[in-house]
Amino acid sequence: MSDLMRATATACSNIAFIKYWGKQDFDSNIPLNDSISMCLSEAVTTTTVVWSPDLSQDEFYLDGERVLDDRSLRISRYLDRIRDQYYRMSARVASVNSFPAGTGIASSASAFAALSTAAIAAFGEDSPDLTEMSRWARRGSGSASRSIESGYVEWVGGHDDASSYCRQLCGPEHWDLRDIVVVLSTKPKAISSTEGHRIASVHPFMEARQAELPARLAALKGALVARDFVTFGEIVEHEAMEVQAIMMSGRPSALYMQPETIGLIHALRAFRESSGLPVYFTLDAGPNLHVLCEGRHAHRIEAWLKKLAPTADLLHNRPGPGTLLSDAHLI
Ligand code: DP6
């Protein structure tokens with residue numbers, strides 16, 4: 001153990017092209033299926049963890065404000081797992097996000113990737129390798145496991161804690177894809193993704209989805225490796241709509257799309273048809289549309305989006321880096 005048990009990590013969120021929706025195991029976040037994502041360069045969480053024998057309980061600060069609700073409970077429960085394997089003491093945790101939480105930009109992904117990496121590094125011992133780090137991040141939030149590695153990442157779902165981990169499919173330089181997030185709402189969602197996974201896991205459509213996924217995953221990987229954007233976009237868009245259908249028709253129903261989301265989807269499809277430009281979309285558990293295109297078309301597509309949704313913020317992401325340690329401590 002070093003004298004000052006402090007470390008800082010930065011992590012990008014990620015957007016799933018094939019989604020994690022439904023779990024086999026809710027304690028360790030073992031998913032029903034493999035998933036594939038891209039790290040989002042502009043959706044970044046920075047977290048500093050300080051372990052201290054002088055603290056009587058954990059403290060969590062988000063954007064400089066102390067957090068005392070369920071979010072800090074979730075962090076403490078997660079830190080308990082790390083304490084079980086390392087040392088027993090409390091931590092002060094400070095985080096800042098470059099994007100609004102709870103918007104369908106998966107903030108728990110960047111949050112738990114940064115938290116796990118900083119918390120373990122702060123003990124000053126040798127860091128686990130990236131595969132093991134992806135397991136640590138996954139125990140905090142499933143999607144976080146895909147934010148440890150850079151670029152395009154596959155989460156091998158597995159069947160237990162050891163067999164469920166992430167690996168890089170291609171580095172960020174492999175393909176200049178863009179995800180332009182149209183931020184339509186920054187309100188927290190009514191049904192959390194953790195709750196959504198529970199509803200989905202018992203959904204009657206799930207069996208049919210699971211039967212189709214192996215072929216879809218293989219086709220998406222093929223399109224990614226070949227940089228075949230049209231094949232890629234068609235798979236991703238279909239996948240997004242399938243998962244939304246499961247969300248909407250669950251009990252209770254999770255209707256994450258807003259009227260503006262639907263309006264944008266219609267407009268995007270009409271624009272794709274009329275302009276001939278390859279542009280597709282995906283959605284997460286939120287109303288914001290993730291507009292996907294190749295870098296060479298991004299300028300025109302962003303200009304079109306600005307005209308179409310002049311009041312919405314656009315978050316223009318490239319394939320991002322993995323989780324990194326940093327010297328820019330927040331506390
Ligand atoms: C719709 O990773 O947020 O973004 O493991 O319960 O923390 P927990 O869930 P979470 O689920 C993300 C779901 C999704 C799809 C995806 O990222 O694959």
Side-chain angles (χ1 to χ4, degrees), residues 11-40 43 45 70-71 73-75 77-78 81 97 99 101-116 134-148 152-158 161 164-166 169 179 181 188-201 203 206 209-210 213 216-217 220 235-236 239-248 250 254-257 261 281-290 292 317 320:
C12 295
S13 186
N14 63 74
I15 182 70
F17 301 135
I18 301 289
K19 310 283 181 191
Y20 152 51
W21 200 244
K23 306 187 196 189
Q24 300 172 50
D25 175 299
F26 287 81
D27 181 53
S28 303
N29 296 328
I30 311 302
L32 286 179
N33 55 267
D34 298 354
S35 53
I36 294 177
S37 64
M38 177 181 103
C39 290
L40 299 179
T45 300
D70 289 359
R71 290 170 295 174
L73 254 180
R74 185 170 176 186
I75 287 174
R77 257 190 256 124
Y78 179 69
R81 288 179 186 261
N97 281 331
F99 57 94
T103 57
I105 304 167
S107 58
S108 67
S110 52
F112 281 94
L115 177 68
S116 54
S134 78
R135 291 193 187 95
W136 271 114
R138 188 247 301 141
R139 294 168 195 137
S141 175
S143 54
S145 60
R146 296 187 310 241
S147 283
I148 296 294
Y152 301 90
V153 176
E154 174 180 35
W155 177 6
V156 179
D161 191 65
S164 190
Y165 59 89
C166 290
L169 285 175
D179 173 9
V181 189
K189 50 199 173 210
I191 297 186
S192 71
S193 10
T194 302
E195 185 53 26
H197 285 291
R198 283 191 193 280
I199 302 166
S201 301
H203 195 294
M206 204 40 115
R209 168 166 167 76
Q210 295 306 319
L213 275 177
R216 195 178 302 166
L217 281 153
L220 187 92
I235 298 169
V236 170
E239 163 73 5
M241 290 312 249
E242 181 175 291
V243 172
Q244 291 296 317
I246 290 174
M247 291 164 168
M248 282 191 280
L255 180 54
Y256 293 117
M257 287 189 278
T261 318
F281 71 85
T282 187
L283 289 156
D284 261 352
N288 301 326
L289 201 70
H290 290 247
L292 303 168
N317 295 283

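Numbers here are sequence positions counted from 1. Numbering of ligands and ligand atoms starts at 1, following listing order. Note that the structure is predicted; figures quoted are calculated from it, not measured.
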field: Nearest option to atom 10 (P) of ligand 1, as decided by whichever heavy atom of Ser37, Ala200, Ser143 sits closest
entry: Ser143
query: Quick one: does Asn14 get an N or O within less than 3.5 Å of an N or O on ligand 1?
result: no
query: Given Phe17, Tyr20, Trp155, Phe112, which has its nearest heavy atom closest to atom 15 (C) of ligand 1?
result: Tyr20
message: Could you check whether any side-chain N or O of Ser141 sits under 3.5 Å from a backbone N or O of Ala109, counting only pairs where one atom can act as donor and the other as acceptor?
response: no
- prompt: Is Arg146 near ligand 1, meaning one of its heavy atoms is under 4.0 Å from it?
  reply: yes
task: Answer with side chain, backbone, both or neither: which part of Trp21 has a heavy atom less than 4.0 angstrom from an atom of ligand 1?
output: side chain
- request: Enumerate the atoms of ligand 1 whose separation from the nearest heavy atom of Ala16 is less than 4.0 angstrom.
  value: 16 (C), 17 (O), 18 (O)
query: Under a heavy-atom criterion of less than 4.0 Å, does Arg74 contact ligand 1?
result: yes
message: Is any side-chain heavy atom of Ile36 closer than 4.5 Å to one of Arg146?
response: no
message: So does Pro287 get a backbone contact from the side chain of Thr261, meaning a donor-acceptor N/O pair under 3.5 Å?
response: yes
message: Going by the closest heavy atom to atom 11 (O) of ligand 1, which one wins out of His197, Arg139, Lys23?
response: His197
message: Main chain of Ser37, side chain of Glu154: is a donor-acceptor contact present, judged purely on distance under 3.5 Å?
response: no
field: Heavy-atom check, side chain of His197 versus side chain of Tyr20, under 4.5 Å
entry: yes
statement: ligand 1 to Ser108, heavy atom cutoff 4.0 Å, flagged ligand atoms 3 (O)
message: Which of the numbered atoms in ligand 1 are under 4.0 angstrom from any heavy atom belonging to Asn29?
response: 5 (O)
Heavy-atom donor-acceptor pair, Arg74 side chain to Gly140 backbone, under 3.5 Å: yes
- request: Given side chain to side chain donor-acceptor pair (under 3.5 Å), test Ser193 with Trp21 step by step and report yes or no.
  value: CA-CA 8 Å; Ser193 10; Trp21 200 244; over 6 Å; no
- prompt: Taking non-hydrogen atoms only, is Ser35 closer than 4.0 angstrom to ligand 1 via side chain, backbone, both or neither?
  reply: neither
Donor-acceptor pair, side chain of Arg216 and main chain of Ile18, under 3.5 angstrom: no
query: Any idea which atoms of ligand 1 are less than 4.0 Å away from a heavy-atom of Lys19?
result: 18 (O)
